[in-house]
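Because the structure is a prediction, the values reported are computed rather than measured. Atom set for the values below is all heavy atoms of this structure, side chains included, hydrogens, waters and symmetry mates excluded.
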Amino acid sequence: MTAVALREALTLADVLAGTGGTLATRVAGEIAFPGVSIDSRTLSPGALFVAVKGPRFDGHDFLAEAAQRGARAALVHRDAEAPAGHTTG
């Protein structure tokens with residue numbers, strides 16, 4: 001399974017609390033994600049893309065594709081350049 005539709009929207013606050021992560025850019029208001037995906041090919045618009053590094057692929061290499069497919073945000077575990085046309089702050 002690479003994508004999950006959620007019964008209740010996952011919020012950015014939930015993601016930050018659950019991961020201990022920090023934001024790369026400021027956001028206005030609360031952001032909610034209707035789904036989560038680790039595969040940019042199965043991403044639905046507005047979803048959170050989680051860039052997982054595995055033995056064959058590195059999700060960080062697919063940030064631009066995820067953004068083109070409508071990812072609302074990406075969860076990364078290392079510094080990554082924002083795709084062209086998107087900002088990090």
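- Inspection of the Asp14 and Thr11 side chains reveals an N or O donor paired with an N or O acceptor under 3.5 Å.
- Between Pro45 and Pro34, the closest heavy-atom pair is O-CG, 4.0 Å.
- Side-chain contact between Leu75 and Phe49 is absent, with no heavy-atom pair separated by less than 4.5 Å.
- A 4.5 Å side-chain heavy-atom check between Val15 and Ile31 finds every atom pair outside the cut-off.
- For the pair Leu16 and Thr22, the minimum side-chain heavy-atom distance is 4.5 Å or more.
- In this structure, the side chain of Arg72 does not engage the main chain of Leu48 through any donor-acceptor pair within 3.5 Å.
- Atom CD of Glu65 and atom CZ of Arg41 lie 8.0 Å apart (nearest 0.5 Å).
- Going from atom CZ of Arg69 over to atom OG of Ser44 covers 11.0 Å, rounded to the nearest 0.5 Å.
- A salt bridge links Arg78 and Asp58; the closest N-O separation between the charged side-chain nitrogens and carboxylate oxygens is under 4.0 Å.
- Taking CZ from Phe57 and CG from Asp39, the interatomic distance works out to 9.0 Å, rounded to the nearest 0.5 Å.
- Between Gly59 and Ala51 the shortest heavy-atom distance is C-CB, 3.6 Å.
- Across every non-hydrogen atom of Gly46 and Phe33, the tightest pair is O-CD2, 3.6 Å.
- Between Leu43 and Ala66, the shortest heavy-atom contact is CD2-O, 3.2 Å.
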